[in-house]
Asks: 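What follows is a structure written as structure tokens; I'll ask about it next.
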Amino acid sequence: MTHNISNTTLNAGISLPTYDRKRLKAKIVHLGFGAFHRAHQALITSEVLAKTSADWGICEINLFGGEELITQLRAQDHLYSVAEKGADTTTVKIIGSVIESLHPTFDGQQAVLEKMAEEQVAIVSMTITEKGYCIDPATGCLDKNNALIKADLITPSEPTSAIAYIVEALRIRRVRNIQPFTVMSCDNIQGNGHVARAAVLDFANLVAPELANWIKTNVTFPCTMVDRIVPAATAETLSEITDLLGVSDPCGIACEPFIQWVIEDNFVNGHPDWNLACAEFVPDVVPFEEMKLRMLNGSHSFLAYLGYLGGYAHISDTMTNEHYRKAAFDMMMKAQAPTLNMPEGTDLNTYAKLLIDRYSNPSLKHQTWQIAMDGSQKISQRMGGSLRFHLQNETDYRWLAMGIAGWMVYVSGVDEKGNAIDVRDPMSEQFKTIYQQHGKNRSVVKALLGIEAIFSTDLIKNDQFVDEVSKAYELIISKGARNAVASL
Ligand code: NAI
Ligand code: CS2
């Protein structure tokens, strides 16, 4: 097969993986061939393959969108590149762990299910974004009113949601007497394995309670903490990759050099020795997930909303403003770190400093708009737990109140200059309706806090909290986001 990426076409110094890809079998089916997976799990797996004689290959599946990417991937024998961009230097790697791909749009649902049911498949992993779990963000339980779930409950053997695909594939395996696979979430969700398990079991219980019992006994859902900043590819990053490679790679992706993966060691059917690359297997991932979600993702969301409103297109741009830098660091150390319960020896101050350095990487153009997306699915887990901690302990949470107020102004859909904001969120219609009723007035704060799926029922009952968020909201509206951040 001839394609762009080969040892003869690549620039000197860049080469194909040296391991024999023919030995690989699709033992991992991955749902969500997006930016992140390419630069994280697939890359780490490729590094393990280079060090061992293991046969763990990956079959990539995009359930929603990404058809073109799958077509392009196939056209280059499933090889693609990752450019790790530091402040001064860039390293390019060619990834060889991906060997197959499917898309329900052109291969059909049944081909996807048959792949997931194949005997050698030991792991189904996922990076399907927070909304892909079809849960109520406040409770972590399956949202039975979710449009995909409603359709899948009617025809479970013709699934659309990732959750229904997993349940149907496990049903087929059980009927065929094939051992189950491990379900491994790699999304930014607190207790991602627990949430995946709850969603799968809730769905299975509704369609076949007996199957649900079998899943409960036979399938594991390890939690994982994943970390690497991987902005969406742009024409600019792809052109840079072309220059670095010597050939174009439409599947190429740029990311930061930092990488971390902490995995709960709980697999029913084996796993690659990811620890031979950078991963760490531990008995309990939850404290690490909490640390990352609150300190990194919490401050990221804060910077995304207040940064976007303040006229900053990228996270690295916000870091050029000393007030944003300080507010992000203080948020991590004063609002988030005190709420964590970390294993002895964890140095949160060093962690926070490293995060500020990572955010400042000028080579990484991570759009505030991208991180601001899907806030309804993100803010409760990035800020909600810490808020409740502070309200209970009567400690200072002003950065969290400002972050939530920033989100509220952002979802109004209009920026400080009166320009429209392209608010991408499964609840964007609800936000529109609320803003039509209240406008950018104090009363909108209570109306937004009243969305139970995001904030549950307790926060709105706390007058002091409602007042704090309302004050922050009014400050952003009257003085602008930059001044509001400086006031912290
Ligand atoms: P992306 O937009 O490049 O890819 C999203 C993927 O999710 C696509 O493959 C798409 O097919 C799939 N998807 C979207 N909606 C879905 C649904 N309802 N059901 C099933 N699949 C669905 O995004 P990216 O950057 O790959 O991030 C994906 C997730 O990975 C994030 O939401 C986050 O949870 C996690 N992550 C991302 C990091 C990053 O820096 N990009 C870092 C750490 C974690
Ligand atoms: C970001 C994350 O898009 C977002 O919401 O906060 O994707 C972030 O880049 C990663 O979690 C870093 O590991």
Side-chain angles (χ1 to χ4, degrees), residues 30-43 60-70 73 101-105 112 124-135 143 146-149 151-152 159-166 185-190 192 195-196 199 224-234 251 253-256 258-262 288-289 291-305 307 314-316 328 354-355 358-359 361 364 366-379 381-383 403 407 424-426:
H30 183 78
L31 307 179
F33 186 66
F36 176 57
H37 169 77
R38 273 178 277 166
H40 192 271
Q41 302 98 57
L43 176 143
E60 301 291 351
I61 296 172
N62 269 338
L63 294 178
F64 289 92
E67 287 89 343
E68 206 185 337
L69 193 62
I70 296 286
L73 184 68
S101 56
L102 287 169
H103 201 297
T105 305
V112 171
V124 170
S125 56
M126 294 179 279
T127 49
I128 53 174
T129 78
E130 293 82 348
K131 62 186 173 299
Y133 293 79
C134 307
I135 54 160
D143 174 8
N146 178 289
L148 298 180
I149 296 298
D152 290 343
T160 56
S161 67
I163 298 303
Y165 265 104
I166 290 171
S185 165
C186 294
D187 275 293
N188 281 327
I189 297 180
Q190 179 62 51
N192 52 10
V195 167
T224 65
M225 183 270 246
V226 289
D227 191 7
R228 172 167 253 192
I229 296 175
V230 190
T234 60
C251 306
I253 192 79
C255 61
E256 65 171 341
F258 181 91
I259 190 160
Q260 192 177 16
W261 196 8
V262 188
F288 298 97
E289 281 189 285
M291 173 187 81
K292 192 243 166 176
L293 268 164
R294 293 185 184 180
M295 292 188 58
L296 190 162
N297 298 112
S299 63
H300 237 188
S301 288
F302 174 98
L303 291 169
Y305 296 118
H314 305 106
I315 291 292
S316 53
L354 177 64
L355 288 178
R358 290 168 63 194
Y359 294 172
N361 182 346
L364 220 57
H366 201 187
Q367 286 192 300
T368 46
W369 174 81
Q370 188 193 343
I371 300 163
M373 221 181 280
D374 291 344
S376 66
Q377 315 292 303
K378 294 174 176 175
I379 51 170
Q381 48 180 332
R382 295 178 179 201
M383 300 186 197
W407 167 74
R424 301 272 177 99
D425 195 294

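Residue numbers run from 1 in the order of the sequence given. Indexing begins at 1, ligand by ligand and atom by atom, following the structure's order.
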Asks: Within the supplied structure, the quantity of interest is the number of heavy atoms (other residues, nucleotides, ligands) at a distance under 6.0 Å from E67 CD; does it exceed 12?
Replies: yes

Asks: Among the heavy atoms of R358, does any lie under 4.0 Å from an atom of ligand 2?
Replies: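 Not so, R358 does not reach ligand 2.
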
Asks: Give the residue, atom name and distance (to 0.1 Å) of the protein heavy atom nearest atom 1 (C) of ligand 2.
Replies: H300 ND1, 3.4 Å

Asks: Check each of E130, K378, K292 against N188 using the side-chain hydrogen bond (donor to acceptor under 3.5 Å, both in side chains) test, and report the only one that passes.
Replies: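 The side-chain hydrogen bond (donor to acceptor under 3.5 Å, both in side chains) with N188 is passed solely by K292 among E130, K378, K292.
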
Asks: Check the side chains of E256 and H366 for a donor-acceptor pair under 3.5 angstrom, ignoring hydrogens and angles.
Replies: no

Asks: Please determine if K292 has a nitrogen or oxygen closer than 3.5 Å to a nitrogen or oxygen of ligand 2.
Replies: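 Min N/O separation from ligand 2 is below 3.5 Å for K292.
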
Asks: Output, in order, the C-alpha distance, side-chain angles, deciding distance and verdict of ring-ring contact (aromatic ring centres under 6.0 Å, His included) for H300 and Y359.
Replies: CA-CA 9 Å; H300 237 188; Y359 294 172; 4.9 Å; yes

Asks: Is K131 reaching over with its side chain to a backbone N or O of S376, donor-acceptor style, under 3.5 angstrom?
Replies: no

Asks: Does the D152 side chain pair with the main chain of S161, one donor and one acceptor, at a distance under 3.5 Å?
Replies: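 A pair under 3.5 Å: yes.
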
Asks: At under 4.0 Å between heavy atoms, is it the side chain or the backbone of D227 that contacts ligand 2, or both, or neither?
Replies: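 Under 4.0 Å from ligand 2, D227 contributes backbone and side-chain atoms.
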
Asks: H366 near ligand 2, heavy-atom distance under 4.0 Å?
Replies: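 So H366 counts as touching ligand 2.
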
Asks: In the protein, which heavy atom is nearest to atom 3 (O) of ligand 2, and how far is it?
Replies: K378 NZ, 3.6 Å

Asks: F258 pairs by side chain to side chain contact (heavy atoms under 4.5 Å, CB included) with which of N361, I229, D227?
Replies: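 Among N361, I229, D227, the one meeting side chain to side chain contact (heavy atoms under 4.5 Å, CB included) with F258 is D227.
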
Asks: Quick check on ligand 1: any N or O pairs to the protein under 3.5 Å? One line per pair.
Replies:
residue  : atom   : partner : partner atom : Å
ligand 1 : 3 (O)  : A35     : N            : 2.9
ligand 1 : 7 (O)  : T127    : O            : 3.4
ligand 1 : 9 (O)  : F33     : N            : 3.3
ligand 1 : 9 (O)  : N62     : OD1          : 2.6
ligand 1 : 11 (O) : N62     : OD1          : 3.3
ligand 1 : 11 (O) : F64     : O            : 2.7
ligand 1 : 26 (O) : A35     : N            : 3.0
ligand 1 : 26 (O) : F36     : N            : 2.9
ligand 1 : 32 (O) : E130    : OE1          : 3.3
ligand 1 : 34 (O) : D187    : OD1          : 2.7
ligand 1 : 34 (O) : N188    : N            : 2.9
ligand 1 : 40 (O) : R228    : O            : 3.1
ligand 1 : 40 (O) : V230    : N            : 2.9
ligand 1 : 41 (N) : V230    : O            : 3.0

Asks: Is there a side-chain contact between V230 and H40, using heavy atoms and a 4.5 Å cut-off?
Replies: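 V230 does not reach H40 side chain to side chain.
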
Asks: For atom 7 (O) of ligand 2, what's the nearest protein heavy-atom neighbour? Residue, atom name and distance, please.
Replies: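 For atom 7 (O) of ligand 2, the nearest protein heavy atom comes out as N188 ND2, 3.7 Å.
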
Asks: Counting N and O atoms only, with roles assigned by atom type, does the side chain of D143 sit under 3.5 Å from a partner on the main chain of C134, one being a donor and the other an acceptor?
Replies: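 Not confirmed, D143 side chain does not pair with C134 backbone.
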
Asks: Tell me, which protein residue and heavy-atom name are nearest atom 2 (C) of ligand 2, and how many Å apart are they?
Replies: N297 ND2, 3.5 Å

Asks: Answer yes or no: is there a side-chain heavy-atom contact under 4.5 Å between T368 and L303?
Replies: no

Asks: Using a heavy-atom cut-off of under 4.0 Å, does the side chain or the backbone of E130 touch ligand 2, or both, or neither?
Replies: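 Neither; no heavy atom under 4.0 Å.
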
